[in-house]
Amino acid sequence: MRPIVGVLGFQGAIEEHVYITRKALKEAGLQGEVRVVKKRGEVEDVDGLIIPGGESTVIGSMMEHTGVMDYLKEMKEEFPVFGTCAGMIVLARKVRDRVLGETNQPTAGVLDIVVERNHFGRQNDSFEVDLEIPAIGGVFRGIFIRAPVVLEVGSGVEVLCSFNGKIVAVKQEKVLATAFHPELTDDARVHRYFIEKVVMSNQ
């Protein structure tokens, strides 16, 4: 098995995702490939897609413009996707903003959750904390930057991690999402979980 993992190349820590995904493939003993992708045709050629953080409204608009959003909607429940921070937001069924309330920004709607943007405040309110994530084997250092939280989950959504009573990591069939940034650590376990438990289950 040689999984090809795409990293959406619009905004955010793209190179960091590429690096940690390659590390995860190596640790998993897989001869896979990581590609930066921007267009629908490029996304159609990978086995799974990682959507980095950034400005969720910008990423969502770019996904609409390039056809990536339509592809995710068409492939709902079949195509492996992993969203981090803003990536979580653009996958959600519904989005709220901590200050503005409900937004009408474009999302793929493939993850049955309601998220709140900027739940922990602005850039200056960024923080790191140890999180307990049993699915990957225990404690993981979570880096939160203008991070969202999950306010509601549908019946098919598995909660992987909470922090102070707030849901910060979920999985639903082929869709994984974290409010924090695992790509900004040197710990590849979350990306390895995505490859082994989500992408490879499609092989």
Open item on the list: Working note: Arg141 + Glu128, criterion salt bridge (Lys or Arg N to Asp or Glu O under 4.0 Å); need CA distance, chi angles, decisive distance, verdict.
Closed with: CA-CA 7 Å; Arg141 191 68 173 170; Glu128 297 183 25; 3.3 Å; yes

- [ ] Group every Ile, Leu, Val, Met, Phe, Trp and Tyr by side-chain heavy-atom contacts under 4.5 Å, then state whether Val139 and Leu131 land in the same group.
- [x] no

Task: CZ-OG distance between Arg146 and Ser56, expressed to the nearest 0.5 angstrom - done: 8.5 Å

Open item on the list: How long is the straight-line distance from CZ of Arg96 back to OG1 of Thr103, given to the nearest 0.5 Å?
Closed with: 9.0 Å

- [ ] Could you tell me which non-hydrogen atom of Ala147 sits nearest to which non-hydrogen atom of Ala179, and how far apart they are?
- [x] CB-O, 3.4 Å

Task: Side-chain touch Arg117/Gln105, heavy atoms, less than 4.5 angstrom - done: yes

Open item on the list: Within the 4.5 Å heavy-atom criterion, are Leu8 and Ile59 side-chain neighbours or not?
Closed with: yes

TODO: Group every Ile, Leu, Val, Met, Phe, Trp and Tyr by side-chain heavy-atom contacts under 4.5 Å, then state whether Ile20 and Val81 land in the same group.
DONE: no

Open item on the list: With heavy-atom distances below 4.5 Å as the criterion, would you say the side chains of Val149 and Ile167 are in contact?
Closed with: no

Open item on the list: Whether the side chain of Arg192 engages the backbone of Glu27 through a donor-acceptor N/O pair (distance < 3.5 Å, no angle test) should be reported.
Closed with: yes

Task: Pair Lys38 + Glu42: basic N to acidic O under 4.0 Å - done: no

Task: Parallel, tilted or perpendicular, as decided by the 30° and 60° cut-offs, for the rings of Phe180 and Phe140 - done: tilted

- [ ] Compare all side-chain heavy atoms of Val170 with those of Leu111 and state whether any distance is below 4.5 angstrom.
- [x] yes

TODO: Return yes if some donor-acceptor pair links the side-chain N/O of Thr178 with the main-chain N/O of Ala169 below 3.5 Å, else return no.
DONE: no

Open item on the list: Between Val190 and Ile136, does the side-chain contact (heavy atoms from CB on, under 4.5 Å) criterion hold? Intermediate values first, please.
Closed with: CA-CA 7 Å; Val190 175; Ile136 65 164; 4.0 Å; yes

Task: Test item: Pro148 and Met88 side chains (from C-beta on) under 4.5 Å apart, heavy atoms - done: yes

Task: Asp186 side, atom CG; Glu16 side, atom CD - distance, nearest 0.5 Å - done: 11.5 Å

TODO: Measure from the ring center of Phe127 to the ring center of Phe163 and say whether it is less than 6.0 Å.
DONE: yes

Task: 4.5 Å side-chain heavy-atom contact, Asp112 and Val153 - done: no

Open item on the list: So, using side-chain contact (heavy atoms from CB on, under 4.5 Å) as the criterion, who are the partners of Met69 when residues are at least two apart?
Closed with: Met63, Glu64, Lys73, Pro106, Ala108

- [ ] May I ask you to decide if Val115's main-chain N or O and Lys94's side chain share a donor-acceptor pair within less than 3.5 Å?
- [x] no

Task: Transitive ILVMFWY side-chain link Tyr19 to Phe194, under 4.5 Å - done: no

Open item on the list: Any non-hydrogen side-chain atom of Val95 less than 4.5 Å from a side-chain atom of Val114?
Closed with: no

Task: Gap separating the NE2 atom of His17 from the CD atom of Glu183, nearest 0.5 angstrom - done: 3.5 Å

Task: Salt bridge flag under 4.0 Å for residues Glu116 and Lys166 - done: no

Task: Nearest heavy atoms of Met200 and Pro3, plus distance in Å - done: SD-CG, 3.7 Å

Task: Taking every non-hydrogen atom, the tightest pair across Phe79 and Val46 - done: CE1-O, 3.5 Å

TODO: Give, for atom OG1 of Thr107 and atom CD1 of Ile89, the distance between the pair rounded to the nearest 0.5 Å.
DONE: 10.5 Å

- [ ] Please work out whether the ring planes of His191 and Phe82 are parallel, tilted or perpendicular, with thresholds of 30° and 60°.
- [x] perpendicular

Task: Gap between atom CD1 of Ile143 and atom SG of Cys85 - 0.5 Å precision - done: 11.5 Å

Open item on the list: Quick check: closest heavy atoms across Pro52 and Val7, and the distance to 0.1 Å?
Closed with: CG-CG1, 4.0 Å

- [ ] Keeping the roles fixed (side chain from Gln11, backbone from Glu55), state whether a donor-acceptor pair exists under 3.5 Å.
- [x] yes

Open item on the list: Check the orientation of Phe144 and Phe120. Use parallel for under 30°, tilted for 30 to 60°, and perpendicular for over 60°.
Closed with: perpendicular

Open item on the list: If you define the side chain from C-beta out and look only at heavy atoms, does anything of Leu91 sit under 4.5 Å from Ile51?
Closed with: yes

Open item on the list: With a 6.0 Å cut-off (strictly less than), is the heavy-atom count around CD of Glu132, excluding the residue itself, greater than 12?
Closed with: yes

- [ ] Determine, for Asp45 against Arg35, whether the closest basic-nitrogen to carboxylate-oxygen distance falls under 4.0 angstrom.
- [x] no

TODO: I would like to know whether Val36 and Ile14 meet side-chain contact (heavy atoms from CB on, under 4.5 Å); could you show each step before the answer?
DONE: CA-CA 8 Å; Val36 176; Ile14 298 163; 3.9 Å; yes

Open item on the list: Salt bridge check, Lys76 against Glu78: does any charged N sit closer than 4.0 Å to a carboxylate O?
Closed with: no

Task: Asp47 side-chain N/O to Ile4 backbone N/O, donor-acceptor pair under 3.5 Å - done: yes

TODO: Indicate if Phe10 and Ile145 have the same hydrophobic cluster label, given that clusters are the connected sets of ILVMFWY residues with side-chain heavy-atom separations under 4.5 angstrom.
DONE: no

Open item on the list: Please determine whether residues Ile195 and Leu160 belong to a single hydrophobic cluster, defined as Ile, Leu, Val, Met, Phe, Trp and Tyr linked transitively by side-chain heavy-atom distances below 4.5 Å.
Closed with: yes

